[in-house]
Amino acid sequence: MRKFCLATASAAALLFGSAPAFADLEAAKRWIDSEFQPSTLSKEEQLKEMEWFINAAKPFAGMEINVVSETITTHEYEAKVLAKAFSEITGIKLRHDLIQEGDVVEKIQTQMQSGKNIYDAWVNDSDLIGTHFRYKQAVALSDWMTGEGKDVTSPTLDIDDFIGKSFTTGPDGKLYQLPTQQFANVYWFRYDWFQRPDLKEKFKAKYGYELGVPVNWSAYEDIAEFFTNDVKEIDGVKVYGHMDYGKKDPSLGWRFTDAWMSMAGNGDRGLPNGLPVDEWGIRMEGCRPVGSSIERGGDTNGPASVYSIAKYVEWMKKYSPPQAAGMTFSESGPVPAQGNVAQQIFWYTAFTADMVKDGLPVVNADGSPKWRMAPSPHGAYWKEGMKLGYQDAGSWTLLKSTPVDRRKAAWLYAQFVTAKSVSLKKSHVGLTFIRESDIWDKTFTERAPKLGGLIEFYRSPARVQWTPTGNNIPDYPKLAQLWWQNIGDASSGAKTPQEAMNALAAAQDSVLERLERSGVQGECGPKMNKKESAEFWYAKAEKDGNIAPQRKLDNEKPKGETVNYDELIKSWPATPPKKAAMK
């Protein structure tokens, strides 16, 4: 997940029930009345759901269970509020640790490698789905829920209500992780500035089309140029047409593995991830990764990928505040809220709660935002049917090295914090939706005008084009760390975009080769293609009816295209799908 908390980076560990804990129906009633509102369930339905948890937890009463997640608002709510509720209601003592995302990855690797139980359940990014599927250290929840864990699997869990289940499903069709929060990476812009008649008139006179939400990167670039070098100042404040960050730091890797290249048009058609080539540029045949470099049929250093890096570097230099190049992710995050940025192509919806606080320069006196979020624009290489950006899905993961009784007790907690009794309230706190029924609840219809397009986006058909890293990546921790080091060379100017992506592709191929030699991942581990010319792979893609790798385009800047924001959201569905349970 996007590896942050902007304001709080400190660890927190909470243990509830230091005195003997006992399952308590009266406690459930108190929590339902005082905290678990609103809910998509009636209070009677909530109480029935809590009764199930109480009965299922009886064999584990008094146990001390340890779980972990990274530090974001949603998980803080789970750790500080829902963990306490769970302990009081079920009698299981629950410790929910909050640590940095990198530490979560390091610790889960340690448990997987050593077999020593560190935590009883993990909130682990669905980006690791390919890793978990191949190393066989994670419990396949599809098997668990119908087998060993059947007696502790809630009859009201309603897996089909989870919007991210396709992200946590392996190539074998089995569910390996249960989403507990998710958010998307979208386009952010100053709606109030884009509505100004004087700016609209000036923009159209220069570019020949309307100032609006950019549909393609050409329009985004024109808008960035317009605000930075034509508008220059608004209300006496210097403004910029773009915001990003470029310090050679681990957070720079997330900037790109979070599907930046898919927006440019890297990879193939397919949702949630392109096949045979995904948005990292890694090719998979069957269930086996076969190469990253263009010589092996991958696309990590192909024209679309190089174009994506070149535009990133160019825009940051030309249109961002001067300090952006030296910033990390966490340092750059608060900048748009300061009121001098016109748009940001790569903005996480997890920032929404911090962007609607009273008193900010980007919030009106009535509490409504001056900004909006919208679907991301696509690059010159993008084709219909391809993913268009990143969606994070922090998900509950059980490891086989955890003793079964502890695993069962922890699974109860994982279901508790995602249950319909609590998920709507949790969604209002963290704004990281996991259930279709929550997204379409009337309380979010009422709150939508204060959230800058978040609800409209999550109710739109466009949502499915934003997806996490997928099954093509056989070892996320090993491969992801290569990105910031190599792309950082392009960001700093030490290498050209082509040189940087050549180095990244070679480094990824090296990791895949080592995994192949080890044989540790079995029949779905890497099996590298032999090297061929780029022309061989271009011709093969065209012959097979695939996209990647694509030849270099003669024109990487087609005419800009925009859409009116208000007209865009009017075109989206106004009623929920049938499966979304409504009050």
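All heavy atoms count here, side chains included; hydrogens, waters and symmetry mates do not. None of these values were measured; they are calculated from a predicted model.
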- [ ] For the residue pair H428 and F444, categorise the inter-ring angle as parallel (less than 30°), tilted (30 to 60°) or perpendicular (more than 60°).
- [x] parallel
Open item on the list: Closer than 4.0 angstrom, basic N to acidic O: yes or no for R134 and D475?
Closed with: no
TODO: Would you check if there is a donor-acceptor pair between the side chains of N266 and S305 at a distance under 3.5 Å?
DONE: yes
Open item on the list: For T300 and S292, which I'm curious about, is there any donor-acceptor pair between the side chains at under 3.5 Å?
Closed with: yes
TODO: Please step through side-chain hydrogen bond (donor to acceptor under 3.5 Å, both in side chains) for the pair Q177 and T397, ending with a clear verdict.
DONE: CA-CA 5 Å; Q177 300 170 282; T397 307; 2.9 Å; yes
Task: Validation row, ring centre F346 to ring centre Y245 under 6.0 Å - done: no
TODO: State plainly whether the residues D160 and K165 are in salt-bridge range, i.e. N to O under 4.0 Å.
DONE: yes
TODO: Please determine if R95 and D97 form a salt bridge, counting it only when a charged side-chain N lies under 4.0 Å from a carboxylate O.
DONE: yes
Task: Option among T74, T73, T180 that satisfies the side chain to side chain donor-acceptor pair (under 3.5 Å) test with K426 - done: T180
TODO: Supply the atom-to-atom distance Y176 OH to L128 CG, rounded to the nearest 0.5 angstrom.
DONE: 14.0 Å
TODO: Give the ring-plane orientation class for Y413 versus F416, where under 30° counts as parallel, over 60° as perpendicular and anything between as tilted.
DONE: parallel
TODO: Enter the distance from F162:CZ to L175:CG here, rounded to the nearest 0.5 Å.
DONE: 9.0 Å
Task: Gap separating the CE atom of M501 from the CG atom of L504, nearest 0.5 angstrom - done: 5.0 Å
Open item on the list: I'd like to know if E285 pairs up with K527 as an ion pair, taking the criterion as any Lys NZ or Arg NE/NH1/NH2 lying under 4.0 Å from an Asp or Glu carboxylate oxygen.
Closed with: no
Open item on the list: Looking only at the aromatic ring of each residue, does the gap between the centers of W483 and W254 stay below 6.0 angstrom?
Closed with: no
Open item on the list: Salt bridge or not between D299 and R283? Use side-chain N to carboxylate O under 4.0 Å.
Closed with: no
- [ ] Using the six-membered ring wherever Trp is involved, compare the ring planes of W122 and Y119 and label them parallel, tilted or perpendicular (cut-offs 30° and 60°).
- [x] perpendicular
Open item on the list: Within this structure, what is the CG-CG distance for the pair L479 and D127, rounded to the nearest 0.5 Å?
Closed with: 12.0 Å
Task: Ring centers of F256, W484 separated by less than 6.0 Å - done: no
Task: Geometric class of the W280/Y476 ring pair [parallel <30°, tilted 30-60°, perpendicular >60°] - done: tilted
Task: Lys/Arg-Asp/Glu bridge criterion (N-O < 4.0 Å) met for K420, E49 - done: no
- [ ] Evaluate the ring planes of W347 and W188, with Trp represented by its six-membered ring, and classify them as parallel (under 30°), tilted (30 to 60°) or perpendicular (over 60°).
- [x] tilted
